[in-house]
Undergrad: 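Attaching a single structure in structure tokens format; questions to follow.
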Amino acid sequence: MALRPLQDRVLVRTDEAETKTASGLIIVDSAQDKPSQGTVVSVGNGTRNAEGALIALEVKAGDTVLFGKWSGTEIKVDGEELMIMKEADILGIVE
């Protein structure tokens with residue numbers, strides 16, 4: 001199934017959470033932080049301003065982005081867990 005976000009929404013594949021600390025201790029699933037970095041899979045067309053002109057999104061497919069801990073909604077597409085969020089929830093692009 002292909003999924004294309006609408007308007008200013010972005011589909012993100014989150015990076016895996018760290019399972020070990022720097023010193024080598026294994027972190028159990030219940031203690032792991034929710035990932036806050038991922039790769040953009042696809043983006044919507046953008047939003048319209050008051051005059052009706054289309055404002056394109058700044059992020060594009062393939063960008064690595066940072067987002068807030070409680071941003072977006074988790075969804076499952078073809079058995080893969082992804083996040084869908086508004087572009088405003090993205091804090092920055094990793095370059």
Undergrad: Show the nearest heavy-atom pair for residues Val12 and Phe67, with the distance to one decimal.
TA: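 Nearest heavy atoms, Val12 then Phe67: CG1-CE2, 4.0 Å.
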Undergrad: Output, in order, the C-alpha distance, side-chain angles, deciding distance and verdict of side-chain contact (heavy atoms from CB on, under 4.5 Å) for Ile90 and Met85.
TA: CA-CA 8 Å; Ile90 295 175; Met85 63 186 71; 3.9 Å; yes
Undergrad: Which atom pair, heavy atoms only, marks the closest approach of Gly68 to Leu91?
TA: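 Gly68 and Leu91 have their closest heavy atoms at N-CD1, 3.8 Å.
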Undergrad: Enter the distance from Arg48:CZ to Leu54:CG here, rounded to the nearest 0.5 Å.
TA: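 Atom-to-atom, Arg48:CZ and Leu54:CG are 5.0 Å apart.
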Undergrad: Would you check if Ile93 and Thr64 make a side-chain contact, meaning some heavy-atom pair closer than 4.5 Å?
TA: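 Answer no - side chains too far apart.
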Undergrad: Is Lys60 paired with Asp63 through a side-chain N to carboxylate O contact shorter than 4.0 Å?
TA: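 Looking at Asp63 and Lys60, the cut-off is met.
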Undergrad: Before you tell me yes or no, could you show the steps for Val40 and Leu11 under side-chain contact (heavy atoms from CB on, under 4.5 Å), namely the whole-Å CA-CA distance, both residues' side-chain angles and the distance that decides it to 0.1 Å?
TA: CA-CA 6 Å; Val40 175; Leu11 190 63; over 6 Å; no
Undergrad: Can any side-chain N or O of Glu81 pair as donor or acceptor with the backbone N or O of Ile75 at less than 3.5 Å?
TA: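 Here the side-chain-to-backbone pair does not exist.
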Undergrad: What residues form a side-chain contact (heavy atoms from CB on, under 4.5 Å) with Glu80, not counting sequence neighbours?
TA: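 Scan of Glu80 (side-chain contact (heavy atoms from CB on, under 4.5 Å), adjacent residues dropped) gives Arg13, Leu82.
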Undergrad: Roughly how far, to the nearest 0.5 Å, is the CG atom of Asp8 from the CD1 atom of Ile55?
TA: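 The CD1 atom of Ile55 sits 10.0 Å away from the CG atom of Asp8.
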Undergrad: Quick check: does any side chain N or O of Gln37 sit under 3.5 Å from a backbone N or O of Val65, one acting as donor and the other as acceptor?
TA: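 No, the answer is negative, given that no donor and acceptor are paired below the 3.5 Å cut-off.
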Undergrad: Would you say the side chain of Glu87 lies within less than 4.5 Å of the side chain of Arg9, judging by non-hydrogen atoms?
TA: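 No. Closest side-chain heavy atoms not under 4.5 Å.
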Undergrad: Identify the heavy atoms of Ile84 and Pro5 that sit nearest to each other, and give their distance.
TA: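 Minimum heavy-atom contact is CD1-CB, 4.2 Å.
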Undergrad: Mind listing the closest non-hydrogen atom pair of Met83 and Thr14 along with its distance?
TA: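 Minimum heavy-atom contact is CG-CG2, 3.4 Å.
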Undergrad: Could you check Asn45 against Arg4 for side-chain contact (heavy atoms from CB on, under 4.5 Å), going step by step and ending with a plain yes or no?
TA: CA-CA 9 Å; Asn45 293 332; Arg4 183 177 57 89; 3.6 Å; yes
Undergrad: Compare every heavy atom of Gly44 with every heavy atom of Leu57, then report the nearest pair and how far apart it is.
TA: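 For Leu57 and Gly44, the tightest heavy-atom pair comes out as CD1-O, 3.7 Å.
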